[in-house]
Amino acid sequence: MSRQRKIALVGNPNAGKSALFNALTGARQKIANYPGVTVERKSGRFVLPTGEPVEMTDLPGAYGLDFTSPDEEVTAKVIAGMFPGEAAPDVLVVVLDASNLEQHLVFAQELLALGKPTVVALNMVDLAERDGLVLDAAVLAEELGVPVIPTVAVRRRGLAELGEAIASAGERHAGPALTDLGATERRVAAHAMASAAVLSESKSHRLHASLDKVLLNPWAGPLVLLAVLFVVFQAVFAWAAPFQDGIETGVGALHDAVQGALPESLLRDLLTEGVISGVGSVIVFLPQIIILFAFILAMEASGYMARAAFLMDRMMASVGLSGRSFIPLLSSFACAIPGIMATRSITDPKDRLTTILIAPLMTCSARLPVYAVIIAAFIPNTNVWAGIGLQGLVLLALYIAGVVGAMGVALLLRRTVAKGGASGFIMEMPKYQMPRLKDMAIGLWQRAWIFLRRAGTVIFTVTVVLWIMLSFPKAGPGENQVDASIAGKVANGLAVIVAPIGFDRDMALALIPAMAAREVAVSSLATTYAVAAGDDEEEQAAELGDQIKARWTLPMALAFLAWFVFAPQCMSTIAVVRRETNGWKWASFMLLYLFGLAYLAAGATYWIAVAAGL
Ligand SMILES: Nc1nc2c(ncn2[C@@H]2O[C@H](COP(=O)(O)OP(=O)(O)OP(=O)(O)O)[C@@H](O)[C@H]2O)c(=O)[nH]1
Ligand SMILES: [Mg+2]
């Protein structure tokens with residue numbers, strides 16, 4: 001039996017390759033309305049209308065085959081069959097953005113010059129039509145010498161026709177007219193072809209142009225961005241509250257049910273103190289995470305995120321970074337790992353290194369539970385001014401502290417270990433789009449699932465291990481269980497180091513398991529206090545927030561927050577930095593500088609707060 005044929009989706013960034021890939025293979029690759037989303041190849045199975053199964057590969061977007069960044073390198077190598085262990089694709093599907101045809105035809109010509117069996121997907125014809133542009137696919141097919149299929153990936157339009165064209169894509173040889181062209185000639189040819197393919201055009205981008213006038217205005221733009229962020233962080237607290245209460249009640253009821261149903265035993269304690277108190281204390285933050293991501297996804301899909309990147313460019317340039325760093329840094333607000341991987345679209349190696357090293361300072365979603373539990377315990381739920389809540393403001397301030405810290409570190413790095421100047425901003429602005437409800441729902445479901453899976457795996461495991469270490473050896477009469485336990489003894493050692501920055505033993509104890517995942521800081525506090533409560537029913541019933549409030553002072557709480565703004569508390573991030581920088585050198589550098597920064601920030605916060613009499 002012959003091997004499966006391989007089909008590769010290739011084209012400029014933001015052409016809709018991943019959207020097409022998802023529509024054809026049923027995969028759930030990330031799509032977003034800005035260039036540089038996909039940085040790794042991804043394969044899936046697709047059955048052609050002839051019944052032939054093929055292997056379809058989604059590639060990172062590229063502007064040409066002479067790669068300038070690591071993600072473009074993947075594309076160039078896969079197409080050339082030079083990717084280790086992988087055969088070259090048998091058929092290329094060149095994806096073009098119909099509303100941006102001229103630009104996308106430049107790379108298309110280079111791909112056609114390879115002489116491989118090729119099909120063109122003229123994607124986003126809906127957006128072109130919205131802009132008053134009607135294209136003739138037949139004319140384009142004539143010009144390019146390959147089938148051209150109009151598609152709308154997100155509405156699954158043209159997929160069957162595309163499948164048929166792929167099935168019958170035959171051998172072809174690029175004539176000398178195509179192969180001999182240089183970059184400039186290709187641009188001229190692209191212009192001619194794009195013009196020839198236009199059936200009718202009625203310029204109607206007016207609405208979007210005027211939107212950009214406001215959103216990209218040097219004065220109004222940043223104000224709008226700030227206002228948007230403001231609303232986001234207010235919503236994270238205000239809208240989540242009823243849902244959180246619901247989950248809290250559910251977790252409490254489950255706790256009581258297990259407590260009542262099982263006889264007193266180690267198993268019961270493990271379930272109530274470890275699993276339900278610990279993991280439950282983290283799950284409570286699901287609504288906040290979903291609200292945060294609803295905003296992020298809407299901003300990504302609408303095209304506003306790319307405008308935010310443009311606005312931030314001047315600030316980034318002032319610390320020696322390019323606007324290209326914005327998207328990786330932005331992804332780091334979900335998690336530093338995809339963010340660090342997204343730096344592969346950065347051309348300059350020092351620029352890329354700097355971005356990698358500061359990515360963990362962006363507030364990842366794993367910090368949200370830590371921030372939220374402490375804010376809820378110590379910051380009163382009051383309005384500062386007309387509906388603007390203090391809790392949301394403090395949360396925004398913590399996010400800003402991370403960004404400001406990152407900018408400061410970038411400035412230092414660019415003057416020392418990663419010397420270099422800022423490079424210009426070259427990102428193209430995507431078209432504005434209404435976010436599609438279905439894509440939003442899928443995106444939110446994915447985020448929720450990632451969170452719940454972490455709760456069920458890493459957080460669950462670490463919490464159970466911690467509970468065991470907290471429960472043995474058993475305390476003698478009159479002795480507190482935490483003091484007697486292995487975990488308590490280990491934490492006593494660490495407590496000496498963190499005592500100067502205001503942390504007590506329980507806080508020190510939370511820092512160790514939090515290396516696995518930051519949210520574990522919350523579950524481990526919950527478990528520690530549940531074990532410490534012993535049989536005291538009143539203490540057992542107290543919610544984590546109240547426990548923390550009863551045991552910590554305000555300066556301690558603020559110091560703990562400051563610590564989590566900076567601390568490199570996640571092993572997976574460090575592992576990814578090692579992989580992306582090819583060695584331990586920069587990974588250990590990052591670990592050291594972040595711990596140092598966290599220690600200083602927490603210490604300064606603590607002592608200033610104490611001096612201020614808080
Ligand atoms: N209106 C419309 N939007 C589309 C179409 N195809 C894709 N999109 C949207 O265009 C944006 C970019 O799509 P992606 O699939 O992420 O583009 P990509 O080519 O994979 O981009 P990179 O991975 O950055 O190279 C997303 O917001 C999609 O929802 C289409 O046919 N019509
Ligand atoms: Mg993609």
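Values below: every heavy atom of this structure, side chains too, minus hydrogens, waters and symmetry copies. Owing to the predicted nature of the structure, the values given are computational and were not obtained by experimental measurement. Start at 1 and go down the list; that is how both ligands and their atoms are numbered.
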| Is there a nitrogen or oxygen of P13 sitting under 3.5 Å from a nitrogen or oxygen of ligand 1? | no
| request: Check ligand 1 against A153 and write out every atom of the ligand that is under 4.0 Å from a heavy-atom position of the residue. | output: 6 (N), 30 (C), 31 (O)
| field | Backbone or side-chain N or O of V125 under 3.5 Å from ligand 1 N or O | value | no
| Per-atom contacts of ligand 1 with G36, taking only distances under 4.0 Å to non-hydrogen atoms | 24 (O)
| task | Applying side chain to side chain contact (heavy atoms under 4.5 Å, CB included) between V146 and each of L92, L112, L111, report the one that passes. | result | L112
| message | Please list, in number order, the atoms of ligand 1 under 4.0 Å from a heavy atom of V152. | response | 30 (C), 31 (O), 32 (N)
| message | Considering non-hydrogen atoms of the protein only, which is the closest contact for atom 9 (C) of ligand 1, and what is the distance? | response | Q433 NE2, 3.6 Å
| said: Considering non-hydrogen atoms of the protein only, which is the closest contact for atom 15 (O) of ligand 1, and what is the distance? | reply: A19 N, 2.7 Å
| query | For R45, does the CZ atom sit with more than 12 other heavy atoms under 6.0 Å from it, leaving out its own atoms? | reply | no
| query | Do NZ/NE/NH1/NH2 and the carboxylate oxygens of E86 and R41 come within less than 4.0 Å? | reply | yes
| query | Do any nitrogen or oxygen atoms of D126 come within less than 3.5 Å of a nitrogen or oxygen of ligand 1? | reply | yes
| task | Answer with side chain, backbone, both or neither: which part of A32 has a heavy atom less than 4.0 angstrom from an atom of ligand 1? | result | backbone
| Within S18, is some N, O or S atom less than 2.8 Å away from the Mg ion (ligand 2)? | yes
| remark: Ranked by distance from atom 18 (P) of ligand 1, the top protein heavy atom is K17 N, 3.5 Å
| field | Polar proximity ligand 1 side, M124 side, N/O cut 3.5 Å exclusive | value | yes
| F83, CZ: over 12 other non-hydrogen atoms inside 6.0 angstrom | yes
| query | atom 21 (O) of ligand 1: which protein heavy atom is closest, and how many Å away? | reply | N14 N, 3.0 Å
| query | For E161, does its backbone N or O pair with a side-chain atom of E164 as donor and acceptor, under 3.5 Å? | reply | no
| Distance-only polar pair, side chains of K431 and S99, donor-acceptor under 3.5 Å | yes
| message | Checking a contact table here: which protein heavy atom is nearest atom 23 (O) of ligand 1, and how many Å away? | response | T38 OG1, 2.7 Å
| field | Short N/O/S contact of T38 with the Mg ion (ligand 2) (below 2.8 Å) | value | yes
| said: Using a plain distance cutoff, I'd like to know if N123 has any nitrogen or oxygen under 3.5 Å from a nitrogen or oxygen of ligand 1. | reply: yes
| query | Is it the side chain, the backbone, both or neither of R436 that has a heavy atom closer than 4.0 Å to ligand 1? | reply | side chain
| message | For atom 13 (O) of ligand 1, what's the nearest protein heavy-atom neighbour? Residue, atom name and distance, please. | response | G16 CA, 3.6 Å
| Do any nitrogen or oxygen atoms of I31 come within less than 3.5 Å of a nitrogen or oxygen of ligand 1? | no
| said: Could you check whether atom CG of L437 has more than 12 heavy atoms from other residues, nucleotides or ligands sitting under 6.0 Å from it? | reply: no
| task | Describe, in one word, how the ring planes of W239 and F295 are oriented to each other, choosing from parallel (under 30°), tilted (30 to 60°) and perpendicular (over 60°). | result | tilted
| Atoms of ligand 1 less than 4.0 Å from P35 heavy atoms? | 24 (O)
| said: Tell me whether R307 is salt-bridged to D212, with the criterion being a basic N under 4.0 Å from an acidic carboxylate O. | reply: yes
| field | Polar side chain donor-acceptor pair, E300 to Y34, under 3.5 angstrom | value | yes
| Less than 4.0 Å between a side-chain N and a carboxylate O, is that true for R344 and E580? | yes
| field | ligand 1 to A301 polar contact by distance, N or O atoms, under 3.5 Å | value | no
| Where's the contact between R157 and ligand 1, heavy-atom distance under 4.0 Å: side chain, backbone, both or neither? | neither
| If we only count N/O pairs under 3.5 Å, is S18 in contact with ligand 1? | yes
| query | More than 12 foreign heavy atoms under 6.0 Å from CD of E142: is that the case here? | reply | no
| Hey, does L127 come in under 3.5 Å of ligand 1, counting only N/O atoms on both sides? | no
| remark: Correct closest heavy-atom pair for L361 and A406 would be CD1-CA, 3.5 Å
| query | Does R5 come within less than 4.0 Å of E55, counting only side-chain N to carboxylate O? | reply | no
| Residues D348 and R324 bridged, charged N to O under 4.0 Å | no
| query | Has ligand 1 got any nitrogen or oxygen that is less than 3.5 angstrom from a nitrogen or oxygen of G61? | reply | yes
